[in-house]
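First the structure, in the form of structure tokens, and then the observations on it.
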Amino acid sequence: MMRIVIKVGTSTLAYASGRLNIRRVEALCKVLSDLKNSGHEIILVSSGAIAMGTGKLNLREKPADIPTKQAAAAVGQCELMYVYDKLFSDYNHTVAQLLMTGDDFHSEERHRNFNNTMTRLLEMDVLPVINENDTVATEECGVGDNDTLSALVAVSVKADLLVLLSDIEGLYTADPRCDPAAELIAEVRELTPEIMRLAGDAGTTLGTGGMKTKLQAAKLCVNAGCDMVISNGENPERLYDIIEGKCEGTRFYSNNSIIHNG
Ligand code: GLU
């Protein structure tokens with residue numbers, strides 16, 4: 001049985017309007033509940049607070065200024081937890097909310113408190129739901145993105161596997177949005193400079209599309225002995241195959257990989 005961190009991106013959880021993608025979130029909670037029932041320890045890192053706040057406050061678009069973004073996150077985080085609490089309760093699972101900033105990982109004391117709380121929650125069979133504490137996080141003290149946050153969490157709790165569910169299939173040899181010859185890379189056994197360069201420079205579509213933070217997350221994970229998978233969150237049922245080591249996206253193997261498939 002594995003300790004698994006699942007990160008879901010905003011595009012998986014919400015429509016462009018910021019309103020909840022009910023079918024998707026219901027499917028996700030069902031699969032995660034089932035995986036928990038089968039004996040795995042599940043930790044969810046969920047984005048979506050700003051998007052849900054944008055939807056709930058009927059803002060025309062995602063706010064650009066920091067105070068409005070933080071206000072939207074404060075509203076959206078409640079909505080997010082309300083939905084998770086409701087859906088996981090249907091399957092008899094209890095959720096806990098943990099809101100983190102970068103400082104919490106840098107300060108030895110706060111990091112220890114986080115680990116102690118996580119250990120106790122997992123012992124109590126609770127499903128922790130983690131997000132950045134967007135209302136207080138700034139560029140200086142924040143983690144900045146949930147790909148990195150989920151990798152920090154996975155490393156802290158010594159997870160076996162981190163799965164990043166996103167709106168892309170995985171890592172490609174080129175940007176699939178503009179290069180039809182781009183091919184999906186199913187397995188990465190070493191994070192060579194060539195692989196790291198596939199994230200693109202900041203400013204390219206691929207780089208701003210989030211591959212940069214995903215590859216940085218992969219580096220944190222594999223260096224700490226945790227496998228990582230990037231996969232499309234469209235169909236949460238894919239998680240069953242991913243956990244069995246079947247490729248459904250791009251898998252980054254650590255030296256301690258618990259999946260031996262060749
Ligand atoms: N914490 C942000 C939110 O909940 C998302 C950050 C991210 O997706 O990287 O809206």
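Heads up: numbering here begins at 1 and tracks the sequence. Values in this document were obtained by computation on a predicted structure and should not be read as measured data. First listed ligand is number 1; within each ligand, the first listed atom is number 1.
- In this structure a side-chain-to-backbone donor-acceptor pair under 3.5 Å is missing from Glu79 to Gly53.
- Shown here is Lys36, whose NZ atom has more than 12 heavy atoms of other residues, nucleotides or ligands within 6.0 Å.
- With respect to atom 10 (O) of ligand 1, the closest heavy atom belonging to the protein is Ile50 N, 3.0 Å.
- When only interatomic distances are considered, the shortest N/O to N/O separation between Asp145 and ligand 1 does not fall below 3.5 Å.
- Here Lys246 does not pair with Glu248 in a salt bridge; the nearest charged N to carboxylate O distance is not below 4.0 Å.
- The protein atom (non-hydrogen) at minimum distance from atom 2 (C) of ligand 1 is Asp134 OD2, 3.4 Å.
- Not a single heavy atom of Ala73 lies less than 4.0 angstrom from ligand 1.
- With a heavy-atom cut-off of 4.0 Å, Asn131 touches ligand 1 through its side chain alone.
- Figure legend: Arg110 and Phe114 shown without cation-pi pairing, the cationic atom not lying both under 6.0 angstrom from the six-membered ring centre and within 45 degrees of its axis.
- Atoms of ligand 1 lying under 4.0 Å from any heavy atom of Gly48, numbered from 1 in the order shown and given with element: 3 (C), 4 (O), 10 (O).
- Every atom of ligand 1 with a heavy atom of Ser47 under 4.0 Å away is listed here by number and element: 4 (O), 5 (C), 7 (C), 8 (O).
- Atom 9 (O) of ligand 1 has its closest protein heavy atom at Asn146 N, 2.7 Å.
- Under a 3.5 Å cut-off, the side chain of Thr250 and the backbone N or O of Ile185 do form a donor-acceptor pair.
- Checking side-chain atoms of Asp160 against main-chain N and O of Arg3 turns up a donor-acceptor pair under 3.5 Å.
- Taking any N or O of Gly144, backbone or side chain, none lies under 3.5 Å from an N or O belonging to ligand 1.
- Formation of a donor-acceptor pair under 3.5 Å by the Gln70 side chain with backbone atoms of Ala137 is found in this model.
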